[in-house]
Structure formats: structure tokens, C-alpha cells
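Worksheet: the structure to be examined is printed underneath.
Naming: A, B, ... by sequence-line order, numbering from 1 per chain.
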Protein chains: 2
Amino acid sequence: MDQDRSLPPVVERMWGREPASRRGPRPRLDLAMITAAAIELADADGIAGVSMAGVAARVGVAATALYRYIDSKEDLLTAMADAVAPLPPDPAGQPWRGYLAAWTRAQRDIMLEHPWVLTISPLVPPMGPRRLLWLDRLMAALDGTGLDDGERVNVASTLTGYALTDAAVAFAAGDPAYEKAGISGADDFGAALADVLDPEAYPHLSAAVRGGVFSGAVGWVDDEDFLFGLNLLLDGVEQLIARRGGVG
Amino acid sequence: MDQDRSLPPVVERMWGREPASRRGPRPRLDLAMITAAAIELADADGIAGVSMAGVAARVGVAATALYRYIDSKEDLLTAMADAVAPLPPDPAGQPWRGYLAAWTRAQRDIMLEHPWVLTISPLVPPMGPRRLLWLDRLMAALDGTGLDDGERVNVASTLTGYALTDAAVAFAAGDPAYEKAGISGADDFGAALADVLDPEAYPHLSAAVRGGVFSGAVGWVDDEDFLFGLNLLLDGVEQLIARRGGVG
DNA sequence: ACCTGAACACCGTTCAAGT
DNA sequence: ACCTGAACACCGTTCAAGT
């Protein structure tokens with residue numbers, strides 16, 4: 001039962017389970033060193049800056065030596081997505097709603113600081129020690145609300161998804177691809193769109209664009225927008241808690 | 001004002017604005033043909049199956065000829081993410097809540113059918129004709145609720161994000177990377193996790209895992225889970241509408 | 001047992017040359 | 001003006017050989 005349902009090798013290593021190597025020279029590296037180097041490269045040059053050769057050079061080793069520690073580059077990206085997360089905020093003594101808000105904001109901030117996470121995260125299930133610590137803390141914060149474990153997990157995944165979406169939208173507004181074309185903010189986004197939208201085919205949207213939906217001072221990136229959607233979710237959670245008879 | 005705030009070239013082409021070419025031989029291709037070929041490849045072999053050479057071969061042209069129509073592979077992916085969306089459901093005569101639910105589900109279904117969208121979508125702002133048609137229809141469905149344009153856009157982006165998250169989670173449960181390791185469903189996911197979780201460091205989560213959170217009959221992929229989070233959101237929207245004094 | 005260096009198959013993109 | 005073919009710089013990954 002222990003051997004049958006084993007985790008993927010990278011995940012095992014992310015949890016510190018290095019294979020017990022006995023004979024021969026001692027390893028010069030471990031997964032944490034490699035992951036840290038890769039994260040530094042990604043922070044500096046984006047995901048395109050992460051090549052096996054580049055990571056290897058940074059830890060002072062030949063490119064091919066990395067394959068002693070990971071099976072593939074994909075595995076490396078999986079480990080990066082977990083390791084980039086800092087420790088979650090401490091839920092001790094906090095009311096659930098305040099903690100969930102802080103938790104979600106902190107998770108979004110990770111992605112604003114490390115935009116490359118957006119390019120790997122969504123398809124990777126959170127099985128590493130860091131991401132699961134976040135999950136554990138959120139579950140703790142919901143003690144006393146009457147929500148069961150399954151509901152808590154669902155709340156966590158919904159909030160994680162929201163953080164991801166918000167970060168992606170915020171990032172898109174400043175996307176270099178659009179700056180290249182002379183569009184630098186929400187303001188120009190709307191103006192450019194107006195040129196192309198047929199009012200007959202897109203009646204509501206083109207009216208909204210002419211009305212200036214995308215021309216707000218800060219537009220998409222506005223903190224108000226983050227709170228808007230977040231409170232939508234938290235209101236929903238609050239209703240559920242009320243139904244379960246938990247305390248607010 | 002028309003020239004200054006121009007859209008990126010790909011986006012212009014997505015809107016059918018092919019450059020007016022006069023002299024010389026007529027083009028053999030257009031962006032739609034190229035995009036359709038790329039989508040077929042991605043559906044068949046995943047995003048890894050989409051190479052410039054492969055797409056070119058499928059439309060019967062040398063690899064380098066594609067650069068007459070797009071500036072880079074990234075542009076091609078942008079066009080694919082828009083073109084893969086079918087027409088949105090028709091909102092005519094539907095109550096807002098029912099339409100939003102159908103809209104969100106349909107959007108998630110796109111990603112379940114074309115999982116490769118998950119690997120490009122989150123960083124690409126929706127500026128193509130298809131994605132913006134979806135936005136227009138959702139805005140139409142909210143007529144009479146009292147929500148303003150900005151709020152409607154925020155609702156749309158939040159629901160889109162939710163659809164994306166749900167699809168990603170559902171997809172992760174069946175991720176080949178985990179099947180490779182002998183983990184085929186939610187059941188094994190939980191068992192594998194139990195081996196590695198330290199109950200002292202992860203008290204709530206390890207209790208939940210022992211309690212079988214991840215061992216439900218269908219687990220993550222359950223339709224119940226999709227509706228759970230969706231209703232959280234729609235309850236939030238409903239509260240907002242009530243505050244605005246709109247009709248349900 | 002760990003690491004290296006050479007090698008392989010493949011990739012996106014450029015550019016000059018053809019029509 | 002469109003398309004081709006050769007070429008370039010780079011990539012992830014393998015494998016035999018060294019210690």
C-alpha cells in the first residue's frame with residue numbers, strides 16, 4: 001500500500017525524500033538548490049530564461065547533470081511552482097472572512113511578483129509542501145463555521161482560481177505584447193477596441209466601450225476590482241456558512 | 001486617433017482586417033486557415049503537437065511562409081485561443097441567473113474539450129471577435145439587473161476565471177503525469193498524499209485526507225463541485241443585484 | 001554513484017533568392 | 001507580393017565514457 005500508490009518522483013523529492021544513496025561520491029546538488037536557481041532565472045528573464053543549460057550553469061554543473069535530480073524540465077517547473085510560494089499568513093485568532101481575504105490577496109501577490117507562475121500553475125495540481133500548507137491554513141481558518149472538509153477544499157480551490165484570474169488580468173493590462181503596439185494601459189485598450197467593434201454585432205459591449213468601461217483611471221489593475229470579485233465570493237461563502245449554522 | 005492607438009497586428013487580422021494587398025500573386029492562405037490547422041493539431045497531439053513546421057505542412061506550405069501572416073508563434077497561440085470558442089449561448093428571454101450558469105458551464109466545456117487552451121489562455125487578454133462576443137452576450141443577459149457596465153465586465157471576468165480553474169482542476173485529476181505514477185483518480189491521490197503528510201505540520205489537511213476528502217466517488221471532477229463554486233459566485237452576484245435594486 | 005562531453009533530433013526565426 | 005530552401009542559433013534529452 002506504500003509502494004503501490006506512490007507519488008511522482010519529483011513530488012517525492014519536493015517533500016524531502018531524497019533517495020538513500022550510499023555508495024560513490026556524495027551528490028553536489030539537491031532539488032531545492034536547482035529549483036532556487038531556476039526561480040531566480042525566471043524572475044530575471046521570464047519563463048523563457050529558464051533553460052536546462054542556464055539552470056545548470058547557475059548551479060555550476062554541466063547541463064546533463066540535472067537529470068540526476070529531475071526526470072524532465074516539466075518536473076522542474078512543477079517544483080518551481082510550489083517552491084515559489086512563501087509561508088501562508090497565520091490564521092491564529094483571525095475571523096474567517098478576514099483571513100480568507102488576506103489569504104487570497106497574498107496568493108495573488110505571489111503571481112504579481114512572479115508572473116511566470118501563471119504560465120505553469122493552472123495545470124499543475126498543488127501537491128507540494130508549500131501549496132498544501134496554504135490549504136491546511138485555510139482549512140484551519142474555517143474551524144467553527146460548520147463547513148465540512150470537502151466544502152473547505154472547494155472554497156480553497158475557488159479562491160485560488162480567483163487569485164489566478166485577477167493576477168492574469170492585471171498582468172495582461174501591462175502585457176509587453178500590447179505595449180509593443182503602443183497600448184500601455186486600460187485607456188488605450190478601450191480606444192483601440194472601439195475602432196474594431198461593430199455596434200450591430202456587439203451592441204452592449206460597444207456601448208460600454210464608448211461609455212468608457214475600459215477608461216477608468218487605473219482600469220483593470222484597480223484594487224477595487226480585486227475586492228469586487230473577492231467579495232462576491234466571500235458573500236457566497238457567508239451564505240453557505242449561515243445555511244450550515246456556523247458562526248460568522 | 002485611428003493610427004495611434006492601433007491593435008497588435010494579429011488582433012487586427014483576427015478581426016478580418018487583412019492588409020489590402022494589391023500587387024503580385026494572391027495570398028494562398030489567411031489567418032483563419034492557419035488557425036484552424038493549428039487547432040486541429042493541438043486537439044490531436046496537445047500543445048506540443050503545434051510546431052510552425054507542422055502547421056505549415058498541414059496547410060500545404062513551407063514553414064517559413066507562415067511568417068507572412070503572423071509575426072511569431074505566440075501570435076498564433078493568441079489567435080487559436082480566440083478561434084476555438086464557439087458562438088456563445090443565446091441570452092434572449094432567459095433570466096440572468098440561468099444564463100450566467102449556462103454561459104460559465106459552456107466556457108468550461110470549451111477547455112475540457114480543448115485542454116491545451118489552459119496552457120495559453122490565462123495570460124492572453126480576450127480581444128478577439130469570439131471572446132468579445134461572449135462578453136457582449138453576458139452583458140446583455142444582465143439587462144434589468146441594475147448592474148453598470150464595469151460591474152458586468154467584472155462579473156464576466158470572475159466567471160471566466162472560475163470556469164478556467166474548474167477545468168484545470170478537473171483536468172489535473174486525470175493528468176497523464178500522475179497516471180504515469182500509477183495514480184489514476186481522486187482515490188489514489190488521497191492515499192498517496194497520506195503517506196507524505198506530517199500530521200503535526202499539516203493537522204487539518206492530514207485529518208481531512210484520512211477522513212477521505214479526496215476519496216469521493218468521482219472526487220474533483222464531480223459536477224457537484226462545479227455547481228458548488230458557481231453558486232457561491234452567483235449568490236454573490238444576486239446579493240449585489242439586490243443592493244442595486246434590480247430585478248431577479 | 002555522480003558528473004562530463006559529444007551527439008541527436010528538433011525547434012522558431014532570418015534572409016537571400018526565385019517567381 | 002508571395003513563397004521556398006538553406007542556414008542559424010538554440011533547445012531538451014540520450015548515452016557512453018570518465019572518476
For A:Tyr162, enumerate each residue passing the ring pair (Phe, Tyr, Trp, His ring centres under 6.0 Å) test, keeping only those at least two apart in sequence or located in another chain.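 Ring pair (Phe, Tyr, Trp, His ring centres under 6.0 Å) check on A:Tyr162 returns A:Phe226.
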Residues forming a side chain to side chain contact (heavy atoms under 4.5 Å, CB included) with A:Ala83, sequence neighbours excluded: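 Applying side chain to side chain contact (heavy atoms under 4.5 Å, CB included) to A:Ala83 gives A:Thr35, A:Ile39.
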State which residues pass side chain to side chain contact (heavy atoms under 4.5 Å, CB included) with B:Ala156; sequence neighbours excluded, sorted by chain then number.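 Partners of B:Ala156 by the side chain to side chain contact (heavy atoms under 4.5 Å, CB included) criterion, ordered by chain and then number, come out as B:Trp103, B:Leu135, B:Leu138.
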Under the rule for side chain to side chain donor-acceptor pair (under 3.5 Å), what residues qualify as partners of [X], not counting sequence neighbours?
X: A:Arg68; result: none
X: B:Arg137; result: none
X: B:Asp30; result: none
X: B:Asp109; result: none

Pairing pattern in dot-bracket form [Watson-Crick, G-U; both distances under 3.5 Å; | = partner strand] for DNA chain C: ||.|||||...|||||.||
Rounded to whole Å, how long is the line connecting atom [atom1] of [X] with atom [atom2] of [N]?
X: A:Ile47; N: D:dC11; atom1: CD1; atom2: C1'; answer: 15 Å
X: B:Lys73; N: D:dC11; atom1: NZ; atom2: C1'; answer: 12 Å
X: B:Leu77; N: C:dG12; atom1: CG; atom2: C1'; answer: 12 Å
X: B:Asp45; N: C:dC10; atom1: CG; atom2: P; answer: 14 Å

Which donor-acceptor pairs under 3.5 Å do side chains of residues 47-67 of chain A form with protein atoms, sequence neighbours excluded?
{"residue": "A:Ser51", "atom": "OG", "partner": "A:Gly54", "partner atom": "N", "Å": "3.0"}
{"residue": "A:Arg58", "atom": "NH1", "partner": "A:Glu40", "partner atom": "OE1", "Å": "2.1"}

Of residues 49-72 of chain A, the positions that come close to DNA chain D - non-hydrogen atoms, cut-off under 4.0 Å: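 Here the set is A:Val50, A:Ser51, A:Met52, A:Thr64, A:Tyr67, A:Ser72.
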Counting only heavy atoms and a strict 4.0 angstrom limit, can you tell me which residues of residues 25-44 of chain B come near DNA chain D?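 Those residues whose heavy atoms fall under 4.0 Å from DNA chain D, taken from residues 25-44 of chain B in numerical order, are B:Pro25, B:Pro27, B:Arg28.
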I'd like to know if B:Asp223 pairs up with B:Arg105 as an ion pair, taking the criterion as any Lys NZ or Arg NE/NH1/NH2 lying under 4.0 Å from an Asp or Glu carboxylate oxygen.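 Counted as a salt bridge, because a side-chain N and a carboxylate O are separated by less than 4.0 Å.
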Under the salt bridge (charged side-chain N to carboxylate O under 4.0 Å, His left out) rule, collect the residues that match up with A:Arg130, sequence neighbours excluded.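 Residues passing salt bridge (charged side-chain N to carboxylate O under 4.0 Å, His left out) with A:Arg130: none at all.
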